[in-house]
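Reviewing the structure listed below.
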Amino acid sequence: MLGDFWHELFGSVGSLLNSLTQTRQQREYVFVDSNGMPPLGLGDDAPDPSTPAAPPMWVQAKAQLETLQQADSNFLETTFLTQATKAYSAVLAAEGAMSADAIASVVTPDFLDRFKKRIADWRDAGLTRFVSDVNLDPPTTFKANIGGDVQSITVRFTGSAKRFTKDDMTNLVSEGSAQVDSFTEFATFTRPAGSTTPKSADGGGAIHCPSCGAPVDSGALRCTFCGAPIPGSGGTWLLDHTSVSAYT
């Protein structure tokens, strides 16, 4: 009788262990896709911890700018950032004045159209936009892309300002803050692929059309009088869009 007892006990334990093993095996293979493969994060698709992480975006931007300078020897990041700051400041001033007249030469046509529509929407809604007490920190090149049909550089602007919209009827703030507040905004500047930065007049750059001799504006792609292409031109970076995120 005692032998039968121990025989049944060991048999029950063995059955239990066998059941647990089968359950574990089922759980290990239950998560599969329609092709019978484990999903991302399991099996062969699991990330390799030994793979180095991608460098920060601003580091990648520096590498892109170095590549740009190899193709465009006249490009200087410091000069670009100075021009970008002037263009961005002009747009802030135009926003506060609710007029696009002063920014046509520093923004893309698409940006200008969107800006005009925004102003029209404010007026139609009986709103007035206010921008004042602007104080900008030194800008930072955050992202660059020199491939494709368009070259683009995204600049991060930080600072403080009063920037708000007020309802003309109620005199209440409908958007933003009437107090000085800090902000971060990303401005993306573009120019056609293959463009080069014009040399300044002091640096020996052409200031007249090589075909007809007419005066040439800095950064012009073609002569406005005869239409001839201008060598070493097309370097004007125009503000294409702004966003509170570098990813939009």
Side-chain angles (χ1 to χ4, degrees), residues 57-58 61-62 64-65 68-69 72 74-119 122 129-146 148-163 176 182-201 203 205 207 216-222 224 230 232-248:
M57 190 174 293
W58 67 269
K62 293 294 185 183
Q64 287 284 304
L65 291 184
L68 175 61
Q69 287 177 318
D72 181 6
N74 294 321
F75 176 85
L76 293 175
E77 184 181 8
T78 53
T79 301
F80 163 77
L81 288 175
T82 297
Q83 296 172 346
T85 301
K86 290 180 179 179
Y88 181 74
S89 298
V91 169
L92 289 179
E95 181 182 323
M98 296 181 67
S99 173
D101 295 341
I103 64 171
S105 62
V106 297
V107 301
T108 63
D110 286 344
F111 184 97
L112 189 64
D113 290 342
R114 294 193 302 269
F115 191 85
K116 289 179 177 179
K117 183 180 184 305
R118 191 180 184 192
I119 292 174
W122 282 331
R129 187 67 171 174
F130 291 89
V131 179
S132 64
D133 301 288
V134 177
N135 182 24
L136 294 178
D137 301 322
T140 303
T141 301
F142 195 78
K143 185 170 62 175
N145 185 359
I146 64 172
D149 297 332
V150 176
Q151 298 175 351
S152 66
I153 300 178
T154 299
V155 180
R156 182 179 64 186
F157 288 101
T158 61
S160 59
K162 292 181 182 179
R163 198 174 180 186
S182 59
F183 67 89
T184 298
E185 193 165 26
F186 297 87
T188 298
F189 296 80
T190 64
R191 71 178 186 179
S195 300
T196 56
T197 303
K199 294 181 180 180
S200 64
I207 57 174
V216 175
D217 292 332
S218 176
L221 291 171
R222 292 183 176 274
T224 55
I230 307 300
S233 63
T236 300
W237 294 89
L238 301 177
L239 178 56
D240 184 67
H241 63 273
T242 60
S243 174
V244 294
S245 170
Y247 303 96
T248 57

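Bear in mind the structure is a predicted one, so any value in this text is a computation, not a measurement. Below, each value reflects all heavy atoms present in this structure, side chains not excepted, and no hydrogens, waters or symmetry copies.
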What's the separation between atom [atom1] in [X] and atom [atom2] in [Y], rounded to the nearest 0.5 Å?
X      : Y      : atom1 : atom2 : value
Leu81  : Leu76  : CG    : CG    : 10.5 Å
Ser160 : Phe183 : OG    : CZ    : 7.0 Å
Gln151 : Thr190 : CD    : OG1   : 9.5 Å
Phe80  : Arg191 : CZ    : CZ    : 9.0 Å
Thr196 : Leu68  : OG1   : CG    : 10.5 Å
Arg156 : Asp137 : CZ    : CG    : 9.5 Å

Which side-chain N or O atoms in residues 86-98 pair as donor and acceptor under 3.5 Å with protein atoms at least two apart or in another chain?
from, atom 1, to, atom 2, distance (Å)
Tyr88, OH, Glu185, OE1, 2.5
Ser89, OG, Thr85, O, 2.8
Glu95, OE1, Arg163, NH2, 2.9
Glu95, OE2, Arg129, NE, 2.7
Glu95, OE2, Arg129, NH2, 2.9
Glu95, OE2, Arg163, NE, 3.1

How close do [X] and [Y] get, heavy atom to heavy atom, and via which atoms?
X      : Y      : value
Ile119 : Ala100 : CD1-N, 4.1 Å
Val155 : Ala84  : CG2-CB, 4.4 Å
Ser195 : Asp72  : O-OD2, 4.2 Å
Ala61  : Ala144 : CB-N, 3.9 Å
Asp240 : Phe111 : O-CD1, 3.3 Å
Phe157 : Pro139 : CE2-CB, 3.7 Å

Where the side chain of [X] meets the backbone of [Y], is there a donor-acceptor pair that is under 3.5 Å apart?
X      : Y      : answer
Asp133 : Lys162 : no
Asn74  : Thr197 : yes
Thr82  : Thr78  : yes

Exercise. Of the options Lys62, Glu77, Gln64, which is the one that meets Thr141 in a side-chain hydrogen bond (donor to acceptor under 3.5 Å, both in side chains)?
Worked result: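 For Thr141, the side-chain hydrogen bond (donor to acceptor under 3.5 Å, both in side chains) test succeeds with only one of Lys62, Glu77, Gln64, which is Glu77.
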For this session: In sequence, state the C-alpha distance, the side-chain angles, and the governing distance for Phe115 and Ile103, and then conclude on side chain to side chain contact (heavy atoms under 4.5 Å, CB included).
Result: CA-CA 10 Å; Phe115 191 85; Ile103 64 171; 3.9 Å; yes
Exercise. Between Thr188 and Thr154, does any side-chain donor sit less than 3.5 Å from a side-chain acceptor?
Worked result: yes
